[in-house]
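Single-structure report; data block below.
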Amino acid sequence: GRACFHLAEFTSLWTKPLGYARERNREGFLAALNAGDLQYAGYLSIYDAAYPAYQERSLEQVLPAVDESLSFNRKTQNILGADTILAFKMAFSCMSGKTAGDQNFDLEEISEAEYLSTCLSYGNVLAVCIFNIVKGWTLCLHGHPKEALAALKESEQFLQFIGGMLFTAEHNFYSSMSLAALCAETSGVQQAEFLEKIKTNQEKLKTLADSCPENWRHKYLLVEAELAAINDDFLRAVELFQESVALARAQDFLSVEALANERLARHWMRKDAFHYAGLHFREAMSGYERWGAKHKIDQLERELTRLGL
């Protein structure tokens, strides 16, 4: 069980497709359970439940498994495990429209403020770090780049505690996507600073994309597409957006496929190419619907009605 945990969470993600880590999480959970190692069974149950949301499964399919992991960790008095899976429950609940708004992470059982206060009261900084990263992911998808960056910035003081885990790369990617979104609102020195941060992030993400293209190349290309768009290389940006969509689809990364289609649609809108924009907005809507991102679907429906698309 412990060997599977370290292989799945700290090693394989950089060299093997995410499906391999998912298999090791399930294998490790059963092995730890059979060995009576309830602590590591709890840890493995977290990622066994959460990773499918990144690939292949809808949020509605994932949330029951998240609840099962939360219940298991609480029954076995694994506080670190319970707090960590609760971070995913808060983010996935917001994404799937089960919270009061697309920036609201409060659950019936606990508010965001109570959660963070409780975690910090006994030094559970790993859970706080992961929560702020998945919060940043949620806010970026929901079109709130400033708020996403603020959450991702909050996580940075604790990144050392999650070294080698998937979430370090997720922090990189959603930071870059949020910065790219803000570049449209900035110019001069601030835009140059944002672009420099993105380029630094991309150097790291390219290393991952070269090492394991199945997990990371679609994300690397999506950020490259944003950079091409910012630099007014319109057709190159279209090519990169399309390649990112195709690679994300090939590996069943539902949320990134939808995001890449949405960003491509917005790129076409800059040229008033409403036909092409509409095509990709519909592709994005289809992707978000398959993934179950209700707040995002509602948001796009309102926007597309307003645009007449």
Side-chain angles (χ1 to χ4, degrees), residues 54-56 58-59 95 97 102 137-146 148 173-187 191 194-195 198-199 201-202 205-206 209 213-214 216-309:
Y54 291 81
Q55 182 186 49
E56 185 184 346
S58 72
L59 295 166
M95 291 175 183
D102 68 1
W137 170 22
T138 307
L139 294 170
C140 181
L141 285 182
H142 288 168
H144 304 297
K146 289 181 182 178
F173 173 65
Y174 287 107
S175 293
S176 291
M177 289 299 294
S178 299
L179 288 165
L182 289 173
C183 278
E185 305 173 11
T186 60
S187 59
Q191 188 183 78
F194 287 174
L195 289 171
I198 295 171
K199 289 173 184 175
N201 286 345
Q202 281 294 85
L205 194 54
K206 186 177 188 304
E214 297 93 339
W216 307 111
R217 185 161 175 77
H218 63 290
K219 291 183 175 179
Y220 172 76
L221 291 177
L222 182 48
V223 178
E224 286 295 295
E226 295 287 354
L227 289 173
I230 293 165
N231 290 325
D232 293 322
D233 192 345
F234 187 85
L235 292 179
R236 178 58 177 156
V238 169
E239 292 174 357
L240 290 165
F241 279 124
Q242 290 175 332
E243 190 173 355
S244 176
V245 168
L247 289 174
R249 180 179 297 141
Q251 297 297 326
D252 284 325
F253 288 104
L254 298 179
S255 67
V256 182
E257 179 190 346
L259 177 62
N261 266 309
E262 180 190 350
R263 296 304 301 165
L264 177 52
R266 297 189 187 285
H267 185 60
W268 281 115
M269 287 291 290
R270 296 186 188 106
K271 295 291 186 182
D272 294 331
F274 299 111
H275 173 71
Y276 292 112
L279 289 175
H280 288 286
F281 271 129
R282 285 190 286 276
E283 285 290 319
M285 284 287 287
S286 175
Y288 287 128
E289 284 170 354
R290 281 183 286 125
W291 195 48
K294 188 176 186 305
H295 277 316
K296 185 65 183 184
I297 295 163
D298 292 345
Q299 181 189 87
L300 276 181
E301 283 180 343
R302 290 192 297 271
E303 182 177 359
L304 296 182
T305 298
R306 187 172 67 251
L307 293 171
L309 294 176

On a heavy-atom basis, which atom in [X] and which in [Y] lie closest, and how many Å separate them?
| X | Y | answer |
| --- | --- | --- |
| A180 | I198 | N-CD1, 3.7 Å |
| F194 | C183 | CB-SG, 3.8 Å |
| G292 | L59 | O-CD1, 3.7 Å |
| S178 | P145 | O-CB, 3.5 Å |
| D102 | L139 | O-CD2, 4.0 Å |
| A258 | A284 | O-CB, 3.5 Å |

Looking at [atom1] of [X] and [atom2] of [Y], how far apart are the two atoms once the value is rounded to the nearest 0.5 Å?
| X | Y | atom1 | atom2 | answer |
| --- | --- | --- | --- | --- |
| L264 | L279 | CG | CG | 9.5 Å |
| Q242 | N261 | CD | CG | 9.5 Å |
| R217 | L205 | CZ | CG | 10.5 Å |
| L240 | H267 | CG | NE2 | 9.5 Å |
| H218 | L259 | NE2 | CG | 10.0 Å |
| Y220 | S176 | OH | OG | 11.0 Å |

Could you tell me if the side chain of [Y] sits less than 4.5 Å from the side chain of [X], heavy atoms only?
| X | Y | value |
| --- | --- | --- |
| K206 | W216 | no |
| V256 | K219 | yes |
| L141 | W291 | yes |
| F274 | L307 | no |
| L222 | F173 | yes |
| R266 | F281 | yes |
| S175 | N201 | yes |
| Q55 | L254 | no |

NZ/NE/NH1/NH2 to OD/OE distance under 4.0 Å, K294 and E301:
no
Should E224 and K199 count as an ion pair when the cut-off is N to O under 4.0 Å?
no
Evaluation steps, salt bridge (Lys or Arg N to Asp or Glu O under 4.0 Å), between E257 and R290:
CA-CA 11 Å; E257 179 190 346; R290 281 183 286 125; 3.6 Å; yes
Just checking Y54 against W137, ring centres under 6.0 Å apart?
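They qualify: ring centres under 6.0 Å apart.
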Go through it in stages, so that I can follow the logic: the residues are T138 and H144, the test is side-chain contact (heavy atoms from CB on, under 4.5 Å), and I'd like the CA-CA distance, side-chain angles, deciding distance and then a yes or no.
CA-CA 9 Å; T138 307; H144 304 297; over 6 Å; no
Can I get a per-line list of side-chain donor-acceptor pairs under 3.5 Å for residues 226-235, giving both atom names and the distance, sequence neighbours left out?
residue	atom	partner	partner atom	Å
E226	OE1	R263	NH2	3.3
E226	OE2	R263	NE	2.6
N231	ND2	L227	O	3.1

Between M285 and H280, does a side-chain contact (heavy atoms from CB on, under 4.5 Å) hold up when you go through it step by step?
CA-CA 8 Å; M285 284 287 287; H280 288 286; over 6 Å; no
Show your working on side-chain contact (heavy atoms from CB on, under 4.5 Å) between L221 and E239 and close with a plain yes or no.
CA-CA 10 Å; L221 291 177; E239 292 174 357; over 6 Å; no
Qualifying residue, where the test is side-chain hydrogen bond (donor to acceptor under 3.5 Å, both in side chains) with Y288 and the options are Q299, E283, H295, E262:
E262
